[in-house]
Amino acid sequence: SSGINAEYGDFEDYLDNLITKTGSPVICGDFNFHVEDPGNVAAKKFIDLCQSKGFAQHVSMATHISGGTLDLVLSLDSVSDPLPIQNIVCDPNTGTASDHFLVSFSIPFTRNCSRTRTYEEKEIRELSKINIDSFREDLFFSEINQEDYKSVDQAVQLYSDVVGKILDKHA
């Protein structure tokens, strides 16, 4: 951890790891930093750390019954692939005994429907259900054991055809 203070080290390591991943991370929760207070040194260090890693903090209103912005929504502030956090609402009527407000927001996205899904059909044989003795008997009495082969290609083709027919019969 190269930066802020030792107590922020784990979170700094977490952010360093997160920014190496694909996708658009969003981190939300009760951070218990009064980020609304410009004189709060700990909160300033925390926000500076987040900003130094490319994260933006989106909540700008009180999230606690005593005031203060303690619950945060952080997203990677990417120029090439921005994630627009919209419609942030801090609702004090959570229906719970919590002293924190419910923070909700939306993230609009569009699904790329131009990609068509491709499907591949596969025939699956239930080989585990084959009666081995019956299968062996059919192989033993098949043309594979009764033919004089004129070439390797002929033998391979006959083997493929006969085994395919026998497998069709048994599985």
To the nearest 0.5 Å, what is the distance between [atom1] on [X] and [atom2] on [Y]?
X	Y	atom1	atom2	value
Ile85	Ser75	CD1	OG	4.5 Å
Ile19	Lys53	CD1	NZ	6.0 Å
Ser134	Lys169	OG	NZ	5.5 Å
Leu72	His58	CG	NE2	10.5 Å
Leu139	Ile166	CG	CD1	4.0 Å
Asp138	His170	CG	NE2	3.5 Å

(request) Indicate if Ile27 and Phe101 have the same hydrophobic cluster label, given that clusters are the connected sets of ILVMFWY residues with side-chain heavy-atom separations under 4.5 angstrom. (result)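 Hydrophobic grouping puts Ile27 apart from Phe101.
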(request) Treat each ILVMFWY residue as a node, draw an edge where side-chain heavy atoms are under 4.5 Å apart, and state whether Val162 and Val156 are in one component. (result)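 Different hydrophobic clusters.
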(request) Show your reasoning for whether side-chain contact (heavy atoms from CB on, under 4.5 Å) applies to His100 and Asn32. (result) CA-CA 10 Å; His100 289 259; Asn32 273 328; 4.2 Å; yes
(request) Apply side-chain contact (heavy atoms from CB on, under 4.5 Å) to Phe105 and Asn87, showing your working. (result) CA-CA 5 Å; Phe105 56 93; Asn87 306 320; 6.0 Å; no
(message) What I want to check is whether the side chains of Asn40 and Lys44 have a donor and an acceptor closer together than 3.5 Å.
(response)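 Per modelled atom types, Asn40 and Lys44 side chains form no pair under 3.5 Å.
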Determine whether [X] and [Y] make a side-chain contact, defined as any pair of heavy atoms from C-beta on separated by less than 4.5 Å.
X	Y	answer
Val73	Val26	yes
Val103	Cys28	no
Leu76	Leu18	no
Cys90	Val59	yes

(message) Tell me whether Tyr159 at atom OH has more than 12 heavy atoms from other residues, nucleotides or ligands lying less than 6.0 Å away.
(response)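 Not buried by this count: 12 neighbours or fewer within 6.0 Å.
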(message) Quick one, Asp161 with Lys165, criterion salt bridge (charged side-chain N to carboxylate O under 4.0 Å, His left out). Give me CA distance, side-chain angles, the key distance, then yes/no.
(response) CA-CA 6 Å; Asp161 292 344; Lys165 286 178 191 173; over 6 Å; no
(message) Using only atom types and a distance under 3.5 Å, with no angle test, would you say the side chain of Thr20 pairs donor to acceptor with the backbone of Asn17?
(response)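 Looks like yes, one N/O pair under 3.5 Å.
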Which pair of non-hydrogen atoms, one from [X] and one from [Y], has the smallest distance, and what is that distance?
X	Y	result
Phe11	Cys50	CE2-SG, 3.9 Å
Gly23	Pro25	O-CD, 3.5 Å
Phe55	Leu15	CE1-CD2, 3.7 Å
Leu49	Ser52	O-OG, 2.7 Å
Pro108	Pro84	CD-O, 3.3 Å

(request) Walk me through it: do His34 and Leu70 pass the test side-chain contact (heavy atoms from CB on, under 4.5 Å)? (result) CA-CA 5 Å; His34 282 271; Leu70 306 175; 3.5 Å; yes
(request) Output, in order, the C-alpha distance, side-chain angles, deciding distance and verdict of side-chain contact (heavy atoms from CB on, under 4.5 Å) for Asp71 and Leu102. (result) CA-CA 9 Å; Asp71 302 274; Leu102 173 67; over 6 Å; no
(message) Which label fits Phe31 and Phe46: parallel for a plane angle under 30°, tilted from 30 to 60°, or perpendicular past 60°?
(response)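 The rings of Phe31 and Phe46 sit tilted, inter-plane angle from 30° to 60°.
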